[in-house]
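Along the sequence shown, residues carry numbers from 1. Bear in mind that the values here come from a model prediction, so they are computed numbers and not experimental data. Side chains included, hydrogens not; waters and symmetry mates left out as well; all remaining heavy atoms used.
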Amino acid sequence: MDDINGRLLKNAITATPDGGLEERIDRFLDLRIPLLEKLVAYRRSAAAMEPLPQSVHARRRAVRLQLRNEVAIMFAPELRAAGKGRGKLLLNAIAVTTESECWDNLRRNYGTSAANSRSTIRLMLTRMLGLSNRI
């Protein structure tokens, strides 16, 4: 858990990187997928301990907000271009798509490999962000 805490305490995405959208999607997934692989075990453990203490709920919420903030930073140009209302919807959609629950659902419930799960999430991101002809 220490390496996860270290990663979470130091936001891995602090500025929108240079490059086109496809490059940023791939860079984002390069950073997010290893974290999701690690977070799934902790998420499952927490779910097994329901009801959780308030401190655990607060920590989980803080992690979600931090990861959502990374989405906002990485895809800031696209979120701004979408406009205030639609941009917030798009931010929420991307954040949910790139959370550990989605990853766990693909890996465990649908039995997809890490590579296929990544491709599935990449497809969802490209569609949400307007690259409808790309996979």
(message) To check you understand the geometry: which heavy-atom pair defines the closest contact between Leu36 and Glu99, and what is its length?
(response) CD2-C, 3.6 Å

(request) To the nearest 0.5 Å, tell me how far Leu39 CG sits from Asp104 CG. (result) 11.0 Å

(request) Check Pro17 against Arg27 and note the closest heavy-atom contact, atom names and distance. (result) CB-NH1, 3.0 Å

(request) Mind checking the CZ-CD1 spacing from Phe75 to Ile13? Nearest 0.5 Å is all I need. (result) 7.5 Å

(request) Would you indicate whether the side-chain heavy atoms of Leu125 and Met128 approach each other to under 4.5 Å? (result) yes

(request) Enter the distance from Thr120:OG1 to Trp103:CH2 here, rounded to the nearest 0.5 Å. (result) 8.5 Å

(request) Decide whether Leu89 and Leu79 are clustered together by the hydrophobic rule: side chain heavy atoms of Ile, Leu, Val, Met, Phe, Trp, Tyr closer than 4.5 Å, transitively. (result) no

(message) For a 4.5 angstrom cut-off between non-hydrogen side-chain atoms, does Thr14 reach Ile73?
(response) no

(request) With the side chain counted from C-beta on, respond yes when Leu21 and Ile25 share a heavy-atom pair under 4.5 Å apart, and no when they do not. (result) yes

(message) Using a strict threshold of under 4.0 Å (side-chain N to carboxylate O), is an ion pair present between Glu37 and Arg32?
(response) no

(request) Supply the atom-to-atom distance Asp26 CG to Leu29 CG, rounded to the nearest 0.5 angstrom. (result) 6.5 Å

(request) With rounding to the nearest 0.5 Å, note down the distance linking CG in Leu129 to CD in Glu22. (result) 11.0 Å

(message) Please determine whether the number of non-hydrogen atoms from other residues, nucleotides or ligands lying under 6.0 Å from atom CG of Asp18 exceeds 12.
(response) no

(message) Counting C-beta onward and ignoring hydrogens, is there a side-chain heavy-atom pair between Arg118 and Asp30 closer than 4.5 Å?
(response) yes

(request) Kindly say whether Met74 contributes a backbone atom to a donor-acceptor pair with the side chain of Arg24 at under 3.5 angstrom? (result) yes

(request) Answer yes or no: is there a side-chain heavy-atom contact under 4.5 Å between Arg127 and Arg122? (result) no

(request) Looking only at non-hydrogen atoms, find the nearest pair between Ser100 and Val40 and report the distance. (result) O-CG2, 3.9 Å

(request) Report yes if some heavy atom in the side chain of Asn116 is under 4.5 Å from a heavy atom in the side chain of Tyr110; otherwise report no. (result) no

(request) Compare all side-chain heavy atoms of Leu67 with those of Leu35 and state whether any distance is below 4.5 angstrom. (result) yes

(request) Of all the heavy-atom pairs spanning Ala72 and Leu91, show the shortest one and how long it is. (result) N-CD1, 3.7 Å

(request) Determine the minimum heavy-atom distance between Ala82 and Leu90, stating which atoms define it. (result) CB-CD2, 4.3 Å

(message) Minimum heavy-atom separation for Val96 and Cys102, please, with both atom names.
(response) O-CB, 3.8 Å

(message) To the closest 0.5 Å, what do you measure between CG (Leu106) and OG (Ser117)?
(response) 4.5 Å

(message) Are the side chains of Ile94 and Met124 in contact, using a 4.5 Å heavy-atom criterion?
(response) no

